[in-house]
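To start, the structure under review is shown below, and the notes come after it.
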Number of protein chains: 2
Amino acid sequence: MKKPTIKDVAKKANLGMGTISRVLNNTGYVSKKTRKRVMKAIEELNYSPDPTARGLVSGTTNMISIVVPMVRTEFYDRMLNAIDEIVSEKSYDTVIFPLLSKKRLERFSDSNAFLYRTDGIVMASMPVHKLFKDGIIPTDRNVVLVDMYSERYDCAYVENVDIGEEAAEVLLKHTDNLKVLTFIEPNNIFTTNVFSKRLNGFINKVKDSGISFNEDEVYHTEINLHSAFNNSIKILKQTKDFPVGIFTTCDLFGYGLTVAAKNLNLEVGKDVFIIGVDDQIWSKDIGLTTLKQPVEEMSQFAAEILLNKINKTEGYQEIVRKKFESVLIKRDSA
Amino acid sequence: MKKPTIKDVAKKANLGMGTISRVLNNTGYVSKKTRKRVMKAIEELNYSPDPTARGLVSGTTNMISIVVPMVRTEFYDRMLNAIDEIVSEKSYDTVIFPLLSKKRLERFSDSNAFLYRTDGIVMASMPVHKLFKDGIIPTDRNVVLVDMYSERYDCAYVENVDIGEEAAEVLLKHTDNLKVLTFIEPNNIFTTNVFSKRLNGFINKVKDSGISFNEDEVYHTEINLHSAFNNSIKILKQTKDFPVGIFTTCDLFGYGLTVAAKNLNLEVGKDVFIIGVDDQIWSKDIGLTTLKQPVEEMSQFAAEILLNKINKTEGYQEIVRKKFESVLIKRDSA
DNA sequence: CTGTTAGCGCGTTCAT
DNA sequence: ATGAACGCGCTAACAG
């Protein structure tokens with residue numbers, strides 16, 4: 001019971017292999033009648049073409065690789081869904097490569113890694129210049145970056161410095177008494193420093209506005225709610241004057257702060273102003289004002305330019321770069 | 001600048017293709033000297049073999065597919081890491097297929113989907129009997145299930161009914177006044193009903209112990225902290241007698257309940273006893289007693305039997321099934 | 001020990 | 001409009 005091949009179909013339909021291939025790929029001429037015969041044979045044998053063989057001869061796989069740093073956040077979940085939606089319309093399949101470890105990165109440095117055998121690659125939040133030798137992704141396939149700026153590659157990104165600046169603007173409308181709750185990224189090749197960019201943008205904007213800002217007002221937390229809660233309690237207890245405006249560099253921290261404020265009987269939106277980043281699905285429920293990164297739009301845009309490039313016939317192609325703006329979602333907290 | 005092929009290497013080293021192939025695959029005899037020559041040529045040309053061509057002829061890819069329902073939980077993140085760790089030792093690569101949608105499921109029903117072109121498939125938390133026609137995964141490749149029991153396939157799983165029972169046991173040591181906070185799974189082909197299994201196990205155990213249990217004592221929540229928190233407040237407010245013991249069918253809900261209790265000035269571990277499931281990374285920090293599913297052990301076991309099967313030469317192989325026991329992690333909350 | 005050759009399953013000429 | 005033959009890059013089998 002071996003799997004049927006195109007040869008079996010040809011034999012069954014009393015036709016040449018070429019003809020079968022032609023109806024399979026909708027290429028060249030083939031009469032209506034024989035097409036029907038082919039379809040019937042395919043049906044009967046329950047045949048479907050072998051993608052490996054196809055890949056070998058045509059060089060294409062009808063698949064798109066998506067490389068993500070990890071797979072446990074809403075951000076990347078949204079991204080994967082958005083990309084899959086776009087490419088599946090053109091009957092491309094997605095396959096996910098989480099960059100789990102340094103060992104995996106090494107494997108990804110081989111241009112024959114499976115990752116690069118697909119028709120196109122989406123790299124999300126990857127500091128390509130740090131990860132790959134000479135900053136070059138070892139492939140001749142089409143590549144597009146999401147959530148990352150690059151000089152060399154097509155990319156769809158948001159400027160995290162801008163996010164920090166916008167956060168400052170929002171809070172400054174309420175008070176000059178400002179603090180920040182953020183995460184300190186480890187200094188390794190994997191990080192894209194989104195948190196420190198947001199922080200820097202915030203500080204710059206505040207200082208530009210002529211307000212003094214002491215680095216002591218930046219508090220640290222780990223990326224989990226419990227740590228965010230604990231450190232929020234600390235911030236609030238150390239706060240002498242209210243109201244206070246606090247920029248939490250992601251919504252999760254904003255959540256911790258919201259709960260902490262409630263615990264200390266402080267009113268969010270009056271005693272404590274909070275702005276977060278990301279607009280998580282639950283952010284609405286807790287009335288958190290936030291800067292939403294347009295993940296879906298960004299991802300879909302990236303997917304589209306990737307498909308374009310794949311289907312464009314050879315030749316020079318300009319690098320496409322698109323900066324996406326975060327959107328202020330105004331709710332009760334600020 | 002085409003990529004070098006094995007032919008180029010052969011030419012460069014003045015050898016036959018066969019010899020190159022032999023050193024590449026460590027098969028057959030090849031003298032030390034020529035091996036060196038080959039290595040040198042490979043180095044100089046920066047050659048690496050084309051996995052597609054390899055796959056076509058040998059039928060193997062050195063890759064393992066992992067199918068997961070989604071990719072945004074710690075549970076699956078842990079699983080992926082655990083599996084990757086095992087298989088990468090044998091220089092297999094992992095590729096992830098999240099079952100994002102019904103459309104994707106359809107694609108997965110084609111035995112030539114890329115998913116099935118790898119050397120082995122790990123399916124996580126997949127109700128195979130509901131997802132595939134006749135309950136058969138359309139492939140002749142080796143398959144093993146994780147976090148799911150099956151009559152037909154090798155599997156490594158935990159019995160979620162047991163988890164509910166154990167939770168009941170723990171809480172009953174503190175009080176007979178019991179409640180549950182859980183999620184109601186939608187009734188579709190994707191769900192594995194872990195939550196209702198845990199609930200049923202709990203209820204059965206309680207009733208077996210001669211304690212009456214009213215279905216009204218089961219409260220529902222969505223799978224996010226905010227909903228868990230809100231519904232926890234509701235539970236606690238509707239509770240007349242303390243202490244109360246509450247089984248939260250996952251740690252996330254336990255977290256919401258912990259925060260809610262604090263909010264209402266109830267002491268966890270005295271007024272309110274809580275037991276959760278999963279032992280998330282932050283569960284320790286909030287002192288949550290929990291039943292840890294041995295994700296890593298389970299996943300690694302599955303990976304190992306998969307590798308075994310792959311490398312075993314043909315012939316009858318018994319189905320391997322291993323049930324893993326959850327581990328009680330005792331902390332302050334119960 | 002090493003070279004040669006026949007396919008793996010398919011797409012793509014090139015005849016017809 | 002269709003069939004035959006070649007080759008994609010590689011491994012396996014067989015000669016030598």
Side-chain angles (χ1 to χ4, degrees), chain A residues 2-39 41-42 45-63 110-114 116-117 119 140-141 313, chain B residues 2-39 41-42 45-63 110-114 116-117 119 140-141 313:
Chain A
K2 271 194 62 209
K3 278 203 187 152
T5 74
I6 201 170
K7 217 171 183 170
D8 301 321
V9 180
K11 209 176 291 171
K12 180 124 198 163
N14 256 315
L15 289 164
M17 297 169 43
T19 309
I20 315 297
S21 177
R22 256 158 279 172
V23 345
L24 245 32
N25 300 288
N26 269 318
T27 146
Y29 294 96
V30 45
S31 82
K32 270 224 155 104
K33 237 179 26 200
T34 49
R35 157 166 270 117
K36 264 219 172 107
R37 246 166 71 214
V38 173
M39 297 306 262
I42 288 179
L45 291 174
N46 192 18
Y47 164 83
S48 69
D50 180 338
T52 311
R54 257 188 176 169
L56 183 58
V57 46
S58 72
T60 71
T61 57
N62 265 289
M63 292 197 296
D110 177 353
S111 67
N112 274 326
F114 179 74
Y116 305 117
R117 311 301 306 187
D119 297 348
D140 49 2
R141 296 294 206 272
T313 39
Chain B
K2 272 194 64 209
K3 276 203 188 151
T5 75
I6 201 170
K7 217 171 182 172
D8 300 323
V9 179
K11 209 176 294 171
K12 180 126 197 162
N14 257 316
L15 289 163
M17 298 168 43
T19 309
I20 315 298
S21 178
R22 256 159 288 183
V23 346
L24 245 30
N25 299 289
N26 269 319
T27 145
Y29 296 94
V30 43
S31 81
K32 269 223 153 102
K33 235 178 31 197
T34 50
R35 160 166 267 115
K36 265 224 170 104
R37 245 166 73 212
V38 174
M39 297 305 261
I42 288 179
L45 291 174
N46 191 19
Y47 164 82
S48 71
D50 180 339
T52 311
R54 254 187 180 170
L56 184 58
V57 44
S58 71
T60 71
T61 56
N62 265 290
M63 291 196 296
D110 177 352
S111 67
N112 273 326
F114 180 75
Y116 305 118
R117 311 303 304 189
D119 298 347
D140 49 0
R141 297 296 208 272
T313 41

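Given the structure is predicted, the values throughout are model-derived calculations rather than measurements. Quick note on labels: first sequence line is chain A, next is B, and so on, each numbered from 1.
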- Within this structure, what is the OH-to-P distance between B:Tyr29 and D:dA15, rounded to whole angstrom? 19 Å
- Message: Of the options C:dG11, D:dT11, D:dT2, whose atoms approach the side-chain atoms of A:Met17 most closely?
- Response: C:dG11
- Task: Using only side-chain N and O atoms of A:Tyr47, determine if any of them is under 4.0 Å from OP1 or OP2 of C:dC10.
- Result: yes
- Query: Looking at B:Asp50 and A:Arg117, does any basic side-chain N land under 4.0 Å from a carboxylate oxygen?
  - Reply: yes
- Note on the structure: Closest non-hydrogen atoms of A:Tyr47 and A:Thr5, given as atom of the first, atom of the second and distance, are CE1-C, 3.5 Å
- Message: In this structure, how many angstroms lie between the C1' atom of C:dA6 and the CG atom of B:Leu56, rounded?
- Response: 13 Å
- Task: Kindly point out which of D:dT2, C:dT4, C:dG11 is positioned nearest to the side chain of A:Leu24?
- Result: C:dG11
- Task: Indicate, with a heavy-atom threshold strictly under 4.0 Å, whether A:Ile20 touches base, sugar-phosphate, or nothing.
- Result: nothing
- Classify the nucleic acid contact of A:Thr52 as base, sugar-phosphate or nothing, counting any heavy atom under 4.0 Å across all strands shown. nothing
- Most 5' of A:Pro49 and A:Arg22 on DNA chain C, judged by nearest nucleotide: A:Pro49
- Message: If you compare every side-chain N and O of B:Thr19 against the phosphate oxygens of C:dT2 (OP1, OP2), does one of them come in below 4.0 Å?
- Response: no
- Item | Sugar-phosphate, base or nothing in reach of A:Ser21, heavy atoms under 4.0 Å | base
- Message: Please classify the nucleic acid contact of A:Asn14 as base, sugar-phosphate, or nothing, using heavy-atom distances under 4.0 Å.
- Response: sugar-phosphate
- Task: Identify whether any heavy atom of A:Val30 sits under 4.0 Å from a base atom; if not, whether one sits that close to sugar-phosphate; answer base, sugar-phosphate or nothing.
- Result: sugar-phosphate
